[in-house]
Amino acid sequence: AGEPDAELRLAAAEALGKIASRQSGKILQVLACDPEASVRKAAAKALSRLHDRDTLPALKRLSKDDDENVRAAAMRALGTFPPTLAEPVVIHLLKKEENPELRAFLVTLLGRIASGNAFHVVMAETDSKYASARRAAIEALGFFGNETATQKLITILRRSGSPEEK
C-alpha cells in the first residue's frame, strides 16, 4: 500500500512546485526527506522553482542523497540560485562527488558562476582523474575570460599533441 501513497506524494510535490509559495516551500522541505527517491527528486525539482534561500538546507541535503537521480535534481536546482548563494555549496559538493557526470555538471555550474573561488576550483579540475570533469573544466575556463585561463588552455593544447603555433 506504500506505492500508491508515494505516487500521491510525488504528484503533490510536483503541484507544490507550480504553486511556488512560501508555504509550499515548507511542505516541499518535508517531502525532501521522504523515504521514496522519486518523491525526493520531485521535491528537489519543485524547490528549484521557488528561488528561496530558506530552501538551501534541503537542497544541500538532497545533493548528498544516496540516489544519483535525486543528487542530480538537487544540483540542477542549486544552479537556479544566485551565484553568491550557490558557489560555496557547489564547491563543497564537488569535493565529495565521485560520479563523473555529476562532477562535470558541478564544474559547469562553477564556470557559470565565474567567481574567483570558482576559478581556482575549475583550474584544479582540468587535472581531474575523470575525463568528463576535465572536459567540463576546460570548457568552463571560457567563462572566466582571463589571461590565466588562456595560458592554461594553451598548456592543455600543447600537452594534448596539438600542433605548435608557427
Side-chain angles (χ1 to χ4, degrees), residues 13-14 17 20 25 28-29 32-33 36-166:
E14 291 170 348
L28 286 165
Q29 289 180 67
C33 298
E36 289 291 326
S38 61
V39 175
R40 295 191 309 275
K41 178 182 172 186
K45 284 181 172 181
L47 286 169
S48 74
R49 295 184 191 108
L50 301 181
H51 307 287
D52 181 354
R53 75 174 42 223
D54 291 342
T55 64
L56 271 174
L59 287 171
K60 286 179 192 177
R61 190 174 54 256
L62 289 169
S63 295
K64 299 172 190 170
D65 199 275
D66 290 336
D67 186 281
E68 281 184 10
N69 293 317
V70 173
R71 285 200 319 272
M75 290 174 189
R76 280 192 293 277
L78 287 169
T80 67
F81 279 80
T84 54
L85 293 176
E87 180 198 62
V89 177
V90 173
I91 289 172
H92 177 75
L93 292 172
L94 184 61
K95 290 177 183 174
K96 305 216 182 268
E97 184 57 58
E98 291 295 322
N99 177 296
E101 296 309 314
L102 292 180
R103 280 188 78 81
F105 179 76
L106 291 169
V107 170
T108 299
L109 270 182
L110 288 174
R112 291 185 186 139
I113 290 170
S115 72
N117 289 334
F119 178 70
H120 297 295
V121 175
V122 169
M123 286 285 283
E125 281 298 303
T126 63
D127 296 320
S128 174
K129 66 182 179 180
Y130 303 108
S132 56
R134 280 194 311 271
R135 180 183 171 103
I138 290 166
E139 291 174 358
L141 286 176
F143 289 108
F144 294 95
N146 63 39
E147 187 59 30
T148 306
T150 302
Q151 289 304 314
K152 181 67 171 181
L153 291 169
I154 290 169
T155 301
I156 291 167
L157 285 170
R158 286 185 178 142
R159 261 192 331 210
S160 72
S162 176
E164 292 291 321
E165 292 178 326
K166 303 224 178 204

Going by salt bridge (Lys or Arg N to Asp or Glu O under 4.0 Å), name the pairs with one or both residues in [range], residues two or more places apart or in two chains.
range: residues 104-115; value: none
range: residues 113-123; value: none
range: residues 67-79; value: Arg71-Glu97

Spacing of [atom1] belonging to [X] relative to [atom2] belonging to [Y], to within rounding of 0.5 Å:
X: Leu59; Y: Ser48; atom1: CG; atom2: OG; answer: 8.0 Å
X: Lys96; Y: Leu106; atom1: NZ; atom2: CG; answer: 13.5 Å
X: Asp52; Y: Gln29; atom1: CG; atom2: CD; answer: 7.5 Å
X: Arg61; Y: Cys33; atom1: CZ; atom2: SG; answer: 3.5 Å
X: Thr80; Y: His51; atom1: OG1; atom2: NE2; answer: 5.0 Å
X: Leu153; Y: Leu141; atom1: CG; atom2: CG; answer: 5.0 Å

Would you say [X] and [Y] make side-chain contact, with heavy atoms under 4.5 Å?
X: Arg134; Y: Thr126; value: no
X: Glu139; Y: Thr108; value: no
X: Thr148; Y: Met123; value: yes
X: Leu93; Y: Val89; value: yes
X: Leu28; Y: Thr55; value: no

Query raised in the report: Stepwise, does the side chain to side chain contact (heavy atoms under 4.5 Å, CB included) test hold for Ile138 with Glu125?
Result: CA-CA 8 Å; Ile138 290 166; Glu125 281 298 303; over 6 Å; no
Please indicate whether [X] has more than 12 foreign heavy atoms, meaning atoms of other residues, nucleotides or ligands, lying under 6.0 Å from its [atom1].
X: Asp127; atom1: CG; value: yes
X: Lys152; atom1: NZ; value: yes
X: Arg135; atom1: CZ; value: no

Query raised in the report: What are the two closest non-hydrogen atoms of Ala73 and Lys45, and how far apart are they?
Result: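 That would be CB-CG, 4.2 Å.
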Query raised in the report: Could you walk me through whether Phe143 and Val122 pass the side chain to side chain contact (heavy atoms under 4.5 Å, CB included) check?
Result: CA-CA 11 Å; Phe143 289 108; Val122 169; over 6 Å; no
Report task. Sort out for me which residue in Leu62, Leu56, Leu85, Leu47 forms a side chain to side chain contact (heavy atoms under 4.5 Å, CB included) with Leu78. Result ->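 Between Leu78 and the candidates, side chain to side chain contact (heavy atoms under 4.5 Å, CB included) is satisfied uniquely by Leu56.
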Query raised in the report: Do Tyr130 and Glu98 meet the criterion of a side-chain donor-acceptor pair at a distance under 3.5 Å?
Result: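 On atom types as modelled, these side chains qualify, holding a pair under 3.5 Å.
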Query raised in the report: Hey, mind stepping through Lys129 and Arg103 against side chain to side chain contact (heavy atoms under 4.5 Å, CB included) and telling me if it holds?
Result: CA-CA 11 Å; Lys129 66 182 179 180; Arg103 280 188 78 81; over 6 Å; no
Requested in this report: With side chain to side chain contact (heavy atoms under 4.5 Å, CB included) as the test, would you mind laying out the steps for Asn99 and Phe105 before giving the verdict?
Outcome: CA-CA 10 Å; Asn99 177 296; Phe105 179 76; over 6 Å; no
